[in-house]
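Only heavy atoms go into these numbers, but all of them, side chains included; no hydrogens, no water, no symmetry mates. Letters go in sequence order (proteins before strands), and every chain restarts at 1.
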2 protein chains.
Amino acid sequence: MAKVDTSLVAHLPLFAGVKPEALDEILREARSVRYPKNTAIFEQGADAQSFFLLLHGHVRAAKTTPAGEQIVVRYVAPGETFGLAMAIGAAQYPATAMAVDDSVALIWPNSAWPRLTERFPALAANTMQTVGKRLQESHTRILEMSTQQVEQRVAHALLRLASQSGKKLDHGIEIDFPISRQDIAQMTGTTLHTVSRILSGWESQGLVESGRQRIILRDPHRIVVLAERNPGSGAA
Amino acid sequence: MAKVDTSLVAHLPLFAGVKPEALDEILREARSVRYPKNTAIFEQGADAQSFFLLLHGHVRAAKTTPAGEQIVVRYVAPGETFGLAMAIGAAQYPATAMAVDDSVALIWPNSAWPRLTERFPALAANTMQTVGKRLQESHTRILEMSTQQVEQRVAHALLRLASQSGKKLDHGIEIDFPISRQDIAQMTGTTLHTVSRILSGWESQGLVESGRQRIILRDPHRIVVLAERNPGSGAA
DNA sequence: GGCCCGTTTTGCGCTATCGCAAACTACTGG
DNA sequence: CCAGTAGTTTGCGATAGCGCAAAACGGGCC
């Protein structure tokens, strides 16, 4: 079983309020697994057997309709948990998780969850907070989809990605994992064609620089303006 | 302080696994409050001071944009909790709650939450489950908004309301609280005009019977067909 | 019984966005 | 270095649904 350095994870929200020796005990139950780029970590509908803490890389959680359309539920950044089916009382994973980059995750068997939360209530409390936060983010997303038009939603999505997983450059912010037009479409409820048109437009205005699975926000400030502009009033 | 009969609430999911005497202790910390139709219970953005368990009536939770547009987050049915800001670590309520009918709720001060969950871990566990379920429902809603067209979304919304708060009639199911075209629009991300057109169409086909703030599903089975019909067929 | 007000219905033009199809890159693997 | 393939761009209709405006409705209140 791979050793995990406690000092690397002690500061994560998941472990807030957990004593170092307790942390050690918790980590002893986990193993560390490497997922090469574009490998599935678990599939929607599969029996949930483990829960995860991402250490390196990026993971996309996506939900698929019976008809095969997908939406991206979220991108998981290092330090975040995912696959918490057990914690919320789901027997199957409600989405598919896929490494979009070479990734490493800590993985616990679900059977460890009841014991761990009983021994370390802070774990349960912290998890409750993150689930609550995700719920609020979902509601915000629903609000956006209901009230904003596509361009604003794409602006919001990119800004969120940038603040969550942006690499600061001399001049702009780069989203530091591969992401396609299709992915952005699935985050914002539109089509890859429309996303492509929007980004092309932005590119010609110098707002972004983008290529194959790569996006750099060159002028985040003006993108914020786009995101917040209120269609019901302003001039074009 | 009003007495609450434990037998009336003992079977609720919130109290699953809680012993009768413990339940008694929990209820002793709550008081019961009556909210007349169309009164606000709490406002989005207000400091969260209490959490609630609805006993009678119906409550609408809605989120408002800075620009004033609203969406309905959910309708709360009797037996469900709401206003759980404290549990998920939010200092302010993220939405506005309004009684859409004369309603009665149990109300606990947030200060009671840490003590109660410490003494009765089942409470925390049950709450985690319901929050998790709501998160999944949110994701489902996002999926629907991304992939379905308005008519299907309205069909889904009405079927959900019917199964959650439907009164069975000789011939059909009536949604047993007042709900306007506008409300349905805010649940499905469309406008009251479009909802009105859709319901008019359905009415002329005998699928529903509806009037001022009142909706009866006359042929739920055919509405299910509408909800599930797949417009295109493409995979993504 | 009649008036007032909130809700619902409906007509009509408009446009943001989709859907399809085709051309165009830019990596990847050999 | 080249071919193959996945991702991207773009043109051109087609259209679902919006937005405005006005009329019809229904019910409660005096």
Side-chain angles (χ1 to χ4, degrees), chain A residues 36-38 60 67-71 98 100-102 144-155 175 177-186 188-205 208-216 226 229-234 236, chain B residues 37-38 67-71 100 144-155 157 175 177-205 208-216 226 229-236:
Chain A
K37 182 171 174 170
N38 290 329
R60 181 183 58 214
E69 301 113 322
Q70 284 198 341
I71 60 153
M98 158 97 96
V100 295
D101 240 351
D102 289 346
E144 284 179 6
M145 291 190 63
S146 299
T147 60
Q148 305 183 329
Q149 35 196 83
V150 173
E151 187 172 24
Q152 296 172 66
R153 303 205 301 264
V154 172
I175 292 169
F177 57 86
I179 186 166
S180 70
R181 306 289 184 264
Q182 174 78 293
D183 292 323
I184 295 169
Q186 291 174 348
T188 52
T190 181
T191 64
L192 81 164
H193 306 277
T194 298
V195 171
S196 179
R197 283 180 242 270
I198 288 171
L199 290 185
S200 296
W202 290 358
E203 187 134 24
S204 70
Q205 296 172 57
V208 303
E209 191 180 322
S210 79
R212 198 188 178 70
Q213 318 231 75
R214 218 182 90 262
I215 298 179
I216 300 172
L226 279 185
R229 151 172 88 188
N230 196 317
S233 57
Chain B
K37 182 172 173 170
N38 290 328
E69 300 113 321
Q70 285 199 339
I71 60 152
V100 295
E144 285 180 6
M145 290 191 61
S146 298
T147 60
Q148 305 184 330
Q149 37 197 84
V150 172
E151 186 173 24
Q152 296 171 70
R153 302 206 300 265
V154 172
I175 292 169
F177 57 86
I179 185 167
S180 70
R181 306 290 183 264
Q182 173 79 313
D183 292 323
I184 295 170
Q186 291 174 348
M187 298 179 69
T188 51
T190 181
T191 64
L192 81 165
H193 307 275
T194 298
V195 172
S196 178
R197 282 180 243 269
I198 288 171
L199 289 185
S200 296
W202 289 359
E203 188 134 24
S204 70
Q205 295 172 58
V208 302
E209 192 181 320
S210 78
R212 198 190 177 68
Q213 317 234 73
R214 218 182 90 262
I215 299 179
I216 300 172
L226 278 185
R229 151 173 89 189
N230 197 320
S233 65

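B/E209 has its side chain within reach of B/R214: a pair of non-hydrogen atoms, C-beta onward, lies under 4.5 Å apart. Using a 4.5 Å cut-off on side-chain heavy atoms (C-beta onward), B/W202 and B/E151 make contact. Annotation: side chain of A/R181 is in contact with side chain of A/I215 (closest heavy-atom distance under 4.5 Å). Looking at B/S146 and A/E69, their side chains never come closer than 4.5 Å, going by heavy atoms from C-beta outward.
Distance check: A/I175 CD1 to A/Q213 CD gives 12.5 Å after rounding to the nearest 0.5 Å. To the nearest 0.5 Å, the span separating OG1 on A/T190 from CE on A/M145 amounts to 9.0 Å. Taking CG of A/L226 as the start and CD1 of A/I198 as the end, the distance is 9.5 Å to the nearest 0.5 Å. To the nearest 0.5 Å, atom CZ of residue B/R212 and atom CD1 of residue B/I179 are 15.0 Å apart.
Residue contacts for A/S196: at a heavy-atom cut-off of 4.0 Å it reaches a base atom on one of the strands shown. Here B/R212 lies in heavy-atom contact (under 4.0 Å) with a base.
In terms of polar N and O atoms assigned as donor or acceptor, the side chain of B/H193 never comes within less than 3.5 Å of the base of C/dT8 in a complementary pairing.
Rounded to whole Å, atom P of C/dT8 lies 9 Å from atom CG of B/L199. Distance CD (A/E69) to P (C/dG19): 9 Å, rounded to an integer number of Å. Rounded to a whole Å, the CD atom of B/Q213 is 13 Å from the C1' atom of C/dC5.
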Requested in this report: Given side chain to side chain contact (heavy atoms under 4.5 Å, CB included), test A/D183 with A/V100 step by step and report yes or no.
Outcome: CA-CA 11 Å; A/D183 292 323; A/V100 295; over 6 Å; no
What N/O pairs connect the protein and nucleotides 13-17 of chain C at under 3.5 Å? Give each pair on its own line.
unit_1 : atom_1 : unit_2 : atom_2 : d
C/dT17 : OP1    : A/V150 : N      : 2.8

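Across every non-hydrogen atom of B/T191 and B/A185, the tightest pair is C-CB, 3.4 Å.
For the helix from C/dG1-D/dC30 to C/dG30-D/dC1, the terminal axes (five pairs an end, C1' atoms, rotation from four pairs onto the next four) enclose an angle of 40°, given to 10 degrees.
Mapping heavy-atom proximity under 4.0 Å, the span of DNA chain D touched by chain A runs 5' to 3' from D/dA6 to D/dC12.
The closest donor-acceptor contact from the side chain of B/S196 to the backbone of B/L192 lies at 3.5 Å or more, if one exists at all.
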